[in-house]
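Values below: every heavy atom of this structure, side chains too, minus hydrogens, waters and symmetry copies.
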Amino acid sequence: MDSTMSVLVSSLLLIFSTHLALTIANNLEFSRIQPTRMVTKLIHRDSIFSPYYSSNDTVADRTERTMKTSLARLAYLYGKTERDFDTHDFWLNLHPSASEPLFLVNFSMGQPPVPQLAIMDTGSSLLWIQCAPCKSCSRQLIGPMLDPSISSTYESLSCKNTICRYAPSAECDSTSQCVYSQTYVQGLPSAGVIATEKLIFGSSDDGTNAVNNVLFGCSHRNGNYADRRFTGVFGLGSGITSVVNQMGSKFSYCIGNIADPDYNYNQLVLSDGVNMEGYSTPLDVVDGHYQVILEGISVGETRLVIDPGAFKRTGKKRRVIIDSGTAPTWLAENEYRALEREVRDLLDRFLTPFMRGSFLCYKGKVSRDLVGFPAVTFHFAEGADLVVDTESMFYQATPNIFCMAVRQASVHGKDLKDFSVIGLMAQQYYNVAYDLNKHKLFFQRIDCELLDE
């Protein structure tokens, strides 16, 4: 299948899924009065408000952990794109405790409200949380589980409902409830009941915004994860069951400096009030992942010399995923080599280079030794530019060593030589907005604090 046909097919699938999601929403009788803008803070993994916080962690500890997590995420993303598409493969994910989150979504569910901290994931399409009673479940550290028998707004979904067939490994139980099983590469699945419940976000003025009848997975069996700190997964994928499609098919996230756990304005926005501003580029959804078309890379005013064929997508080759679950950016072989060559031409004459694992590193400090280093720009289809400054292009690995936050994907396997992932560090200081109806991705350079205004 050529690239034009591939784009056409993915667009048709996206149109179909969005239309079907709206039809299902009507079947579920979602409340007619919906907030036009649902905003919640994203909790940094190392924030004092996070259950992962440790006062003993050093900057080097945090960096090492983030990079190890990102390698696991790369393996998952590539493995998923290479599978033949079917229902079971579509829902195949990493075991949550094997991949610690970069950010957690802060929200509540039920009446009375039960606080939740779930892993933000653009690579999956189901919001699920632990529910009581729970067999083989982890004991949550942030508070009690949601108990359907206590919540006045909980309602299980009948297996006769249209949406049931789109839940992962959906079946009918003895009481005609729709039950699901979210399969993972490692460990036992998350399994439970597909239901609807009230979803509550805090608002910027210290109030709350609530949406009734939000579809989610009420998980009663979670494999007894070793990681007890998260309460579920907040899937932001394009699938029928996604919260995104239930609330108007738009969402955005804005991230400040990933290295600063105290930055207080990281946020997730859902519904039609999302800011759709800045550069825009076509957005495709392939095998459940958001993909974009990379057309070139510049360092300062220098456009890197890269074979145009390296950017031509054919079938499953030369895919570029934009992802919220990995910190560094992973580039295909040709693109990475051109970028590394330019970086080394600029820095090797002044600084001492060396390889730290698969990262190109230098002895020095980002804040001191990279003053004046030119910005790196990723050029996407239709003129959209993602400009990456030194804080996003490099990271301080130790007090005296800094490394490129861009890696060559194929160093972890020759099969990845045409595979690229735009990680969250490249998206720092941007509001990144997804419009699934118009198949567009927007990059708006902004301090996240200004979005509240």
Side-chain angles (χ1 to χ4, degrees), residues 3 70 74 78 278-282 284 291-314 317-323 326-362 364 366 369-395 402-430 432 441 443 445:
S3 59
S70 296
L74 174 71
Y78 179 75
Y279 289 111
S280 69
T281 191
D284 295 330
Q291 298 192 10
V292 287
I293 300 171
L294 183 63
E295 295 185 338
I297 302 172
S298 294
V299 179
E301 298 300 317
T302 303
R303 183 89 170 211
L304 301 184
V305 178
I306 303 172
D307 180 358
F311 300 111
K312 186 177 181 181
R313 190 167 63 193
T314 55
K317 292 184 177 180
R318 302 183 181 92
R319 292 187 171 185
V320 180
I321 292 174
I322 184 158
D323 186 50
T326 181
T329 288
W330 304 85
L331 287 181
E333 191 171 280
N334 287 341
E335 290 92 317
Y336 177 82
R337 287 181 176 176
L339 178 59
E340 184 191 274
R341 186 164 52 247
E342 185 67 19
V343 169
R344 297 197 69 158
D345 283 347
L346 292 171
L347 294 181
D348 283 14
R349 71 189 83 169
F350 306 112
L351 300 170
T352 304
F354 66 97
M355 298 304 295
R356 192 171 187 258
S358 58
F359 283 88
L360 171 63
C361 299
Y362 292 87
V366 172
D369 298 308
L370 292 180
V371 174
F373 188 87
V376 174
T377 303
F378 294 105
H379 303 288
F380 294 99
E382 298 187 0
D385 287 345
L386 183 66
V387 181
V388 180
D389 61 19
T390 53
E391 286 189 14
S392 300
M393 182 66 189
F394 300 89
Y395 68 93
F402 67 85
C403 305
M404 276 180 61
V406 180
R407 301 176 80 172
Q408 180 178 329
S410 62
V411 298
H412 299 290
K414 63 181 181 179
D415 291 340
L416 283 75
K417 71 182 183 70
D418 295 319
F419 189 66
S420 297
V421 179
I422 306 300
L424 210 51
M425 285 188 69
Q427 302 171 59
Q428 291 179 135
Y429 311 111
Y430 278 90
V432 182
L441 181 73
F443 302 116
R445 182 83 177 187

_For T281 and I293: C-alpha separation, side-chain torsions, deciding distance, then whether side-chain contact (heavy atoms from CB on, under 4.5 Å) applies._
CA-CA 8 Å; T281 191; I293 300 171; 5.6 Å; no
*Is a side-chain donor or acceptor of S420 paired with a backbone partner of A332 at a separation under 3.5 angstrom?*
yes
*Examine distances only and state if a side-chain atom of Q428 and a backbone atom of L424 form a donor-acceptor pair shorter than 3.5 Å.*
no
*Using atom types as modelled and distance alone, determine if a side-chain donor or acceptor of Q427 lies under 3.5 Å from a backbone N or O of D323.*
yes
_Would the distance check show the side chain of D389 and the main-chain N or O of E391 forming a donor-acceptor pair, the cut-off being under 3.5 Å?_
yes
*asked:* Minimum heavy-atom separation for G364 and D369, please, with both atom names.
replied: CA-OD2, 3.1 Å
*Write down the atom of M404, the atom of Y336, and the distance for their closest heavy-atom approach.*
CE-CE1, 4.1 Å
*Heavy-atom pair with the smallest gap, counting every atom of T390 and V366*: O-CG1, 4.3 Å
*asked:* Tell me if the centroids of the rings in F394 and Y362 come within less than 6.0 Å of each other.
replied: no
*List the steps and the verdict of side-chain contact (heavy atoms from CB on, under 4.5 Å) for M355 and L360.*
CA-CA 5 Å; M355 298 304 295; L360 171 63; 4.1 Å; yes
*Report yes if the distance between the aromatic ring centroids of F350 and F373 is under 6.0 Å, otherwise no.*
no
*Taking S392 for its side chain and M425 for its backbone only, find out whether a donor-acceptor pair lies under 3.5 Å.*
yes
_Minimum heavy-atom distance A426-T329, with the two atoms named_ = CB-OG1, 3.5 Å
*asked:* Return the CG to CZ distance between D385 and F443, rounded to the nearest 0.5 Å.
replied: 9.5 Å
*Looking at CD of Q291 and CG of L441, how far apart are the two atoms once the value is rounded to the nearest 0.5 Å?*
12.0 Å
*Minimum-distance pair of heavy atoms, taken over all atoms of R349 and L346*: NE-O, 4.2 Å
*Measuring from I306:CD1 to I297:CD1, what's the distance to the nearest 0.5 Å?*
4.5 Å
*Approximate separation, where rounding is to 0.5 Å, of C403 SG and M393 CE*: 11.5 Å
*Check V305 against A338 and note the closest heavy-atom contact, atom names and distance.*
O-CB, 4.1 Å
_Using 0.5 Å steps for rounding, measure from the NE2 atom of H379 to the CG atom of L304._
8.0 Å
*With side-chain contact (heavy atoms from CB on, under 4.5 Å) as the test, would you mind laying out the steps for Y430 and V387 before giving the verdict?*
CA-CA 10 Å; Y430 278 90; V387 181; 3.5 Å; yes
_Please evaluate residues Y279 and F380 with respect to the criterion side-chain contact (heavy atoms from CB on, under 4.5 Å), reporting the C-alpha separation (whole Å), side-chain torsions for both, the decisive distance (0.1 Å), and the verdict._
CA-CA 10 Å; Y279 289 111; F380 294 99; over 6 Å; no
